[in-house]
Structures are given as structure tokens and as C-alpha cells.
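Counting starts at 1 for both ligands and their atoms, in listed order.
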Amino acid sequence: MLVLAPEEDRIADANPAAVRLLGHPRQTLRGARASALYPGQLAALTVFTQAVLAKGHWWTRALAPRDAAGRDLRVETAAFPLPGGPTLLLVTLADPDTVHRRQVDGEAEAYMRAGLSEWQRMERIFRDIEHGNQLILRAAGEGIYGVNAEGVTTFVNPAAERMLGWAAADLVGKDMHAAVHHTHPDGSTYPHRDCPIYAAFRDGAVRQVDHEVFWRADGTSFPVEYTSTPIRDRGRLLGAVIVFRDVSQRREDERRLKSALAEVDTLRQRLELENAYLKEEIRAERHHQGIIGRSPAIAATLRQIELVAGTDATVLITGESGTGKELIARAIHEASRRSARPMIRVNCAAIPRDLFESEFFGHAKGSFTGALRDRVGRFELADGGTLFLDEVGEIPLDLQGKLLRVLQERSFERVGEARTRAVDVRVVAATNRDLRAEVASGRFRDDLYFRLNVFPIQARPLRERPEDIPPIAQHLLTAAARRLNIPEPRLSEGDVRRLCRYAWPGNVRELENVIERAAILSARGRLRLDLPDGEPARTPDPVRLPVAAPDGRPATEAERRARDRAEIVAALALTGGRISGPGGAAALLGLRPTTLASRIKAHGISRDDGDLRRS
Ligand SMILES: Nc1ncnc2c1ncn2[C@@H]1O[C@H](COP(=O)(O)OP(=O)(O)OP(=O)(O)O)[C@@H](O)[C@H]1O
């Protein structure tokens, strides 16, 4: 700073800063000519001093004082006249950069001051929310906290403190997302930008979320349901209030309920299906009390049933439609150790191709379109009982392999499920097709055929055993009269003769229908048999033919040997491998023990033969 006397062109005084800046001692400066300090700038100096005197205060960057080293200094010169006495000017010399910086700082300060007041206003609003609702916040069972537009916590209620395990003091002023909402339930990082609470500040929308977790101070998490409501002040978004509740208990209840419902559903389904089968069984029971017949063919069948029922051997029943294949299967089941559990029948001809797998093995919910819930398959339903595969020849080739696997391994998987389930099922299959011909033509897998054909039983057509017609007809008539609640009509000798003359292409089922119809049409105890026109002549009595193949032709040597072998295997399985003595396999088969022993040898049957083992 300098004091100038402009009228005398003299420097009146200089302060230490001016002495330092100009490099002259104070004594030199005092009394020196002012214009000497500004060589060649007299005009500018005169304009400046006059402006100061005229305006009362002036500044310029046009004056550059020369220092002791001879340098012209770049300064900002400002001055005002000192009050009283002769004319003296107080002149300040300042570095223009410093002046500029001060100016910027000044502006920033003013800005900050303004910002601070905004900030304080916002804090006031949150404080008002907190104070105004203190009672509610304290009493609320829900966790409640406020965050400002930067995501910084402004208040936390006691319930939130309890649930989160943090003291309010630890959270207020901190980034709330980073403290309690940083990670997804699966452990992956939850970035701020994805957080719905923060999104509420951006778009002002209320968010309700129920599939996320909050993290406690101890590092554990709990499922939450929360609502984030934005706070506005004069149209501006200031932050949000978040109300949340711990839904662990509700989730657990939901999970338990869901699994209980699924179990109930599976049981209900199983019961429904079992019920349907049981009804079917009862109906079947009503229709026939057993296998009726006095022909050698029926006697042989009964003997075979008796032989195989006690084992778990797979049985293949062949024969024309209506010959009693299902009746034989049911008789095997009834006489087996499995009779307390149901026999489940699957009509393989009636299942749509793409539903085979699900029908046999069941499916998991959602495994294909339309799989709306878990479904129990027939194998599972038959667990502990018998699975009767009717029309087995109709199973599509690609599924035959899967069926073979279950027969071999006694385990399967439901469609759309990885879990392997074990089953204890005895399989009885039936077909009216010639399965060997199907194998030869490539429509049936030979390995599955051999697996099923462990113990073959052939149901003879009625025309091959006419001596069975009278007793079966009588049995069916009694049953029909009972069912129709009418006095039982008499079956005359003439009726029997007519019945025996007919060829019965539809076998016993056809006979059943004819008898039922005759019973309905009967009048005054007389049966009115309505046999198809022409009453086709019966084919020569094939009962006297040697054992025939399913298609009616005589059995080949290989077939006879296979049957012989199968019967021996079944007899041995039934007697636990015992050949001789009462109840031994030889006695069962009506053979001498030595004869049976040599046949066992000839057929190559060994003790560990798979067929002998009861599964
Ligand atoms: N020997 C028999 N004694 C009494 N009833 C019989 C006899 N054989 C068959 N039936 C009766 O005849 C009807 C047809 O029998 P079943 O359904 O067992 O024949 P199936 O060979 O299985 O026929 P499909 O091949 O058409 O399924 C049934 O009502 C059954 O009770």
C-alpha cells in the first residue's frame, strides 16, 4: 500500500508490503516522485488519480510500477482519497491472479451458502416427518426409514433398528443401500442403480417389492416386503420413506403349505386312481367269481396260474380277444402275495402316443405343456401290487426300450425329474397279437419279448373248447339275472345245443353279451337267444389238437420246449428250488423227481437262473 500526494507528485508513505513488492527501502520511497515509480506512464497516472478524485474510488490494470531491479510489475492498482487534510490517496497494489482467485472463491462461497440452506431445509423436512410422526414411527411394527435424494439415511425407527440389528446412530448419515441392501438373495452384488428405492427418487413412483432381502448388521439376511414412497417439496423429489416388514415366517408358512398341498395332491391323485381301479375290480368281481370251465385247456390254464402266482415271474398271456386274458391276469394277482394291493391295468392300445411315458412313469409339474401338476404314473401306482399291461403289443417301439429298462432295473424316473424311483411291481402282460411275428417284422423288440415271455400262458378261443360253453353260459345267466333283478330263466337243452353250434368269434365276451340280451328279452322263464344270423358252423373241434400256437397252428418243437422250460422254472421258483418230496417241483408238475432233474439239466436251468429268484 502506498500513500500518494497527487498534487505534489510525491509518495507520502509506503507500508512494508509495498516496500517488499517494489524492492526500495521505505526512506527512499518516502518523498520520492510518484511519476518516477511509473516511468513513461505519466498520462495514465494522471488519468487514474483524477478518476479516483472524481469517483471517490477507482481501479486499473493500466499502471505498472517499476521495482528496484528495473522490472515493470503487473499489478491491479486501486485507490481512494483519504478523508480530511491535504489531498492524499491510499493506493493498493495487488497481484491480479490473487484477486481473480478471491473472486472465484467468493462466488463459490455464496453458492455454497445458498446450497447449505437448501440442504438444511431438506433436513428440516425429514426432521419434521420424524418429529411430526414420532408416535407412529415408534409404535409401528414395520421398519421405517427415510433416505434423502443421495441415498443417505435421515431417520430410522425402533422396529427397523430391531430388525436390522443396527442402532439408528450407525445408519443415519450413511448410505442405506450399502448398509442393508447391498447383495441379492443369491449372493450377487446389488448395484445402487438397480435399487427400486433409489429409482423412486428418479421417477417419483411408489415401489412395492416383495422378493428381496435386507442384510442385518451380523451379516445374515431376511426376506422383506417393502414400499418406497418418494417425498416431494414444491414439486422437487427430496428422497423417500421406506416401510418394510420381515416376511420370513410368512415365506416359511407358504413353503410348508405348498409342500403340504403338493403331498395332498399326490395322495389325492393316487387315491382317485386307486379308487377307479378298485371300482373296476369290484365290477369285474361282480361279473365273474372266477374262471369257469371243464375243458382240458381250462384245467391246464388253472394249473399254470397256480404254478406262477406264488412267484414274481413276469407272465405273458396270449389269446384272441374276449378269451379271458384279463380274467387270468386277475386270478394270478388274486392268488399272489400281492393281492392286498391293487392290480393296475394299463390298456396300452388306448394311450395317445405322446402320453405313453407320462402314463407309465408319471411326470413332474411343468415338464411339458399341460403338465399342470405332478402326476403319479402307473408303475408307481402299482407299487407292491401287479401291473397288468393289456394289449402290450401296441406299445410304440421307442418306448419299448424304456419299459425294458424298468423291468430289468425295477426303477424309473418321472418325466421331467432327475430323481430315480424304485418300484416293486409284478408285471403281467397280455396281447392278442402274435408277438413273435411282430418281433420278426421289427415292430417289437426281441429283448422285451423275451423279458415278458418268462412264463407264457395261452388263453384258448371258445371254439376250441365247446365243453366250456354250457357251464360258462349258465354262470353268466345266473349273474345276469341277479344283476337285472329278474327270476333266473331256464337254459334249455335246445339253447345249449344252439350255443355250442356257434363259432363264437368274439369268444366269452360275445357269449356274455348274447346271454345278457337273452335274459333281458326272456319271458315267463324262457330264454330268448338271439344268435347272429346263419349261426356259423363251428370249426372242427380243435380241443383234441395238440397244444397250439396263438394263431391256431400246432406249436413247433421250439415252442413246446420253451413252454416246458418256463413251467419248470416257475415250479422251481414256487418251491424255492426244491425238486423232490411233497410240495416239491416234481410233485407240482406231476413228474418223477429223476425225470424232472434230467429235464432241468437238458434245459440248462441253473440255481442262479434270474427267473428262479423272487424279486
Ligand atoms: N373262463 C371264463 N369264465 C368266466 N368268465 C369268463 C371266462 N373267460 C372270460 N370270461 C369273461 O369274458 C369277458 C371277457 O374276458 P376278458 O376281458 O378277460 O378277455 P380278454 O381276453 O382280456 O379280452 P381283450 O383281449 O378284448 O381285452 C369278461 O367279462 C370275463 O369275465
Side-chain angles (χ1 to χ4, degrees), residues 277 279-306 309 315-335 343-351 378 386-395 427-435 438 452 456-484 491 496 499-500 502-519 542-543 548-552:
Y277 284 109
K279 276 188 188 151
E280 206 174 288
E281 272 201 333
I282 291 166
R283 213 173 40 245
E285 276 289 309
R286 263 214 322 262
H287 273 227
H288 53 77
Q289 302 303 325
I291 299 169
I292 311 286
R294 57 190 175 212
S295 65
I298 285 287
T301 302
L302 291 175
R303 220 179 86 229
Q304 282 177 308
I305 292 170
E306 199 182 311
V315 179
L316 178 64
I317 309 167
T318 52
E320 289 173 21
S321 191
T323 47
K325 297 188 292 298
E326 186 176 344
L327 195 60
I328 294 171
R330 208 169 285 282
I332 293 171
H333 173 72
E334 290 303 327
M343 178 178 100
I344 304 297
R345 173 174 177 259
V346 190
N347 182 357
C348 303
I351 306 172
R378 302 292 168 104
T386 304
L387 185 66
F388 176 47
L389 300 178
D390 204 1
E391 315 273 9
V392 74
E394 308 302 320
I395 298 181
V427 173
V428 176
T431 181
N432 54 16
R433 289 198 187 210
D434 179 356
L435 276 194
E438 296 292 298
L452 294 174
I457 295 183
Q458 200 181 357
R460 301 269 160 208
L462 207 46
R463 65 179 173 277
E464 291 184 10
R465 45 186 176 104
E467 60 269 57
D468 287 341
I469 295 173
I472 294 178
Q474 183 56 64
H475 164 77
L476 292 173
L477 183 61
T478 308
R482 202 178 320 128
R483 213 167 35 251
L484 297 169
L491 193 63
V496 170
L499 290 172
C500 290
Y502 184 64
W504 301 109
N507 294 297
V508 186
R509 186 172 295 111
E510 189 183 3
L511 177 60
E512 204 171 27
N513 293 338
V514 166
I515 294 290
E516 173 128 14
R517 200 171 136 76
V543 172
D551 49 7

Heteroatom distance test (Thr323, ligand 1): nitrogen or oxygen, under 3.5 angstrom: yes
Of the listed options Arg509, Glu512, Lys325, Arg330, closest to atom 28 (C) of ligand 1 (non-hydrogen atoms): Glu512
Short N or O distance, Gly322 and ligand 1, threshold 3.5 Å exclusive: yes
Element-labelled atoms of ligand 1 that are located less than 4.0 Å from some non-hydrogen atom of Ser321: 24 (P), 25 (O), 26 (O)
Short N or O distance, Leu476 and ligand 1, threshold 3.5 Å exclusive: no
Mode of Asn507 contact toward ligand 1 - side chain, backbone, both, neither (heavy atoms, under 4.0 Å): neither
Check: Arg294 side chain, Pro471 main-chain N or O, donor-acceptor pair, under 3.5 Å: no
Glu326 N/O under 3.5 Å from ligand 1 N/O: yes
Residue selection (non-hydrogen contact nearest atom 11 (C) of ligand 1) among Val508, Asn432, Asn513, Asp468: Val508
Pair Glu320 + Arg460, salt bridge at N-O below 4.0 Å: no
Gly290 to ligand 1, any heavy atom closer than 4.0 Å: yes
N or O pair under 3.5 Å between Arg465 and ligand 1: no
Min N/O separation Gly324 to ligand 1 under 3.5 Å: yes
Ser321 backbone acceptor or donor facing Asn507 side chain under 3.5 Å: yes
Geometric N/O contact Glu391 with ligand 1, under 3.5 angstrom: no
Residue part near ligand 1, for Glu320, under 4.0 Å between non-hydrogen atoms: backbone
Gly319 touching ligand 1 at heavy-atom level, < 4.0 angstrom: no
N or O contact, Leu327 vs ligand 1, cut-off under 3.5 Å: yes
For Asp390, atoms of ligand 1 separated by under 4.0 Å from a heavy atom: 27 (O)
